[in-house]
Amino acid sequence: MKLTRIKGFSDVLPGEVETWQRIEDAAERVFAGYNFKEIRIPVLEKAELFSRSLGESTDVIEKEMYTFADRDAKATLLSLRPEGTAGVVRAYGEGQLHQAEPVRKLYYLGPMFRRERPQKGRLRQFHQIGAEVFGRTDPFIDAELLLLLRDLWEELGVAGTVLEVNSIGCAQCRPGYRAALVAFLEGHREELCADCDRRLERNPLRVLDCKRESCAGIVTAAPSIRSHLCAECRDHFDTVLGLLKELRPEPVVNERLARGLDYYCRTTFEWKAGEGLGSQNTVAAGGRYDGLVQSLGGPPVAGVGFALGVERLALLLSTDEAGGPAAPLLYLAWMGEEAQRWTFALAHRLRRRGLRVDLEGESRSLKSQMRRADKLGAGAVLIVGPDEMTNGKALIRDMATREQTEVDFADVDNTLVSLRERADQVSG
RNA sequence: GUGAGUGUAGCUCAAUUGGUUAGAGCACUGGACUGUGGCUCCAGGGGUUGAGGGUUCAAGUCCCUUCACUCACCCCA
C-alpha cells in the first residue's frame, strides 16, 4: 500500500472495535447512574482557547498541538483539540448554561490530538472519555467522581488499578509552597538531572515525580505540600479522603503527584494500571479547576473533572476478549439463479423484521456455503436450490443439532422469525 | 525532540560460512463427498525478502542511505 495511515493515527478494526463499544456502553451506563448528561463539542477550536486554559508554557501548547491558519482573511489560528476540558468549559460559558442551572454534570467522548512520538498507550490521535462538573465547590463531588470511575472499572472487570490522590493547593496557598519548594531545590541544583533543572524553571512541582533515583532521593527531603495547604484546602482534602475510605482499593496519598496542565488546583488524582500498559500507565486522571471557567470569560463557577484514555483502557481489556453476544446469524444458502433471487428478497423481508441475515452474492457450491455458514457462526441455515424452487418448500437446518425440516414457502418467513424468538428466550 | 531495537506470504516464523527456482504452520480457495459445516487427506492461489544504492561470479544474508513500525526518555489520558 502506497497510501498508508499517518504516524500515530490508527485504525480500530473489527475484532478490536467491540472492546471500544463495550467501554463506551459501560461508560454511558455508569454516567447515567450519576446523572451526567452528554455534551458534544467541536474537534477544532481557536488555538487561543487552549493556550489560555492549559498554560502557555506547557509542552502540549508549545510543541504538541496541531495548529494551522484558517482560510479566512484574518488567518485565524485553529487547533485540533489536545484535550476536552477547555472546549467543554467554553461551551458551558458560551451557552450560558449557568443561567438556567448552575450545577452541570457533563461527559464527552471522542478523539484528541497531540503530536507526540507514539509509543505503547500513546497515539497522536487518541480518544478520551471525560467528565466535567460545574458549580460544585464541595468535596463530595470530588469523591463522587472517583467513585464513578471505580464503578466503571468494576463494570468492565478491570482489576489491579491503583488510585493516587493529592491536593496541590489553591491560588492562596500554592504560591507559598512553590516558593518553599524552589528554594529547597535551588540548594540541590547541581545534583538534579538535566530534565529537572529545566523543570525547576517551568513547573517545579514536576521535579517531585521525576523517575530518576537521584532526583527521587533529593525530593524525599523536600518540603511537603500537605503542611503548606491553607485551612480550607486541608479541610477539603481531608473530607475527600474520608469519603473514599470505603473505596477498594483504598487510595494512596501521593504528595509528589503533580499535574502537567496549569488549570488544576486542590484535588488531583491519577488512576494507574498495575500491569499491561508499559510506562504510560495512567488510565484516568483529573482534578479540580476552580478558576478556569472565569479565566476563560465565563461565570465564576468551580469545576472538577477527569479524562480517561480509551486506548489505554482497551489495552487492559483486550486480554479477556469477551465479545458482546450478537444476535445469531441466519445464513441463506442458495443454488441457481432462481433461488438466488428468491433468497435475496427473503433476506430483505427478514432483516426488516429484525433478524440478522446474510447470503452469498455469487454462485458457490453448497459445501462451501455450509463451510462459510459454520465459520460465520450461523445458528441456522436455510437451503434453497432448484429442487426446492419446484416443490415450493425450503430446508431449514439447525447448525447445532444438524436437524433439517422442510417448510412451505408460504410459512418460511414466520417460521424463521419464531425460531429466532425461541432462541432468544433460551439464551436470554 | 533524544535514544535503542525490529523489518521475509494476510498472521506467526524458517532459510547452513553469502550459493540452485525464498520454505513451513495457521488462514484463504477448491477437491476427495456432481446438494450439506466442524475432523482427516490432497491440491491450489498468494512474496519487488520495507525501499534505494553499493561490494561480489553470486546478497534475504555483508556495507551505506532512507522509510516504516516498536519500546523507552521527554511529556501526558
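Each chain gets a letter, A, B and so on, in the order its sequence line appears, and its residues count up from 1.
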Base, sugar-phosphate, or nothing for A:Ile129, non-hydrogen atoms under 4.0 angstrom? nothing
Do any of residues 399-414 of chain A sit with a heavy atom less than 4.0 Å from RNA chain B, and if so which? A:Met399, A:Arg402, A:Gln404
Sequence neighbours excluded, the answer for ring pair (Phe, Tyr, Trp, His ring centres under 6.0 Å) partners of A:Phe113 is none
For B:U34, does either OP1 or OP2 sit under 4.0 Å from a side-chain N or O belonging to A:Ser365? no
Ring pair (Phe, Tyr, Trp, His ring centres under 6.0 Å): which pairs involve residues 11-31 of chain A, sequence neighbours left out? A:Trp20-A:His127, A:Phe31-A:Phe36, A:Phe31-A:Tyr107
What pairs with A:Trp334 under ring pair (Phe, Tyr, Trp, His ring centres under 6.0 Å), at least two apart in sequence or on another chain? none
Determine whether A:Arg202 and A:Asp59 make a side-chain contact, defined as any pair of heavy atoms from C-beta on separated by less than 4.5 Å. yes
I'd like to know whether CD of A:Glu338 has more than 12 heavy-atom contacts from other residues, nucleotides or ligands below 6.0 angstrom. no
Shortest non-hydrogen separation from A:Arg5 to A:Ser10 and the atoms involved: CD-CA, 4.2 Å
Give the stems involving RNA chain B, where a stem is 3 or more consecutive Watson-Crick or G-U wobble pairs (i with j, i+1 with j-1, and so on) under 3.5 Å. B:1-7 with B:67-73, B:10-13 with B:23-26, B:28-32 with B:40-44, B:50-54 with B:62-66
Residues passing the side chain to side chain donor-acceptor pair (under 3.5 Å) test with A:Arg349, sequence neighbours excluded, are A:Asp413
Across all chains, not counting sequence neighbours, the side chain to side chain donor-acceptor pair (under 3.5 Å) partners of A:Ser279 are A:Gln119
Residue set satisfying side chain to side chain donor-acceptor pair (under 3.5 Å) with A:Glu94, at least two apart, ordered chain then number -> A:Arg90
Side-chain donor-acceptor pair under 3.5 Å between A:Ser214 and A:Glu191, yes or no? no
If the condition is side chain to side chain donor-acceptor pair (under 3.5 Å), which residues does A:Arg174 pass it with, not counting sequence neighbours? none
Please tabulate the protein-to-nucleotide N/O contacts below 3.5 Å involving nucleotides 66-69 of chain B, giving atom names and distances.
unit_1	atom_1	unit_2	atom_2	d
B:C69	OP2	A:Lys7	NZ	3.2

Quote, to the nearest angstrom, the P distance that separates B:C11 from B:G7. 15 Å
Residue pairs fulfilling side-chain hydrogen bond (donor to acceptor under 3.5 Å, both in side chains) with at least one residue in residues 28-40 of chain A, sequence neighbours excluded: A:Arg29-A:Glu155, A:Tyr34-A:Asp151, A:Glu38-A:Arg40
For atom NZ of A:Lys272, is the number of surrounding heavy atoms from other residues, nucleotides or ligands below 6.0 Å larger than 12? yes
In B/S/- notation, 5' to 3', how is nucleotides 72-77 of chain B contacted by protein heavy atoms closer than 4.0 Å? BBBBBB
Touch check for A:Arg202, heavy atoms < 4.0 angstrom, all strands: base, sugar-phosphate only, or nothing? nothing
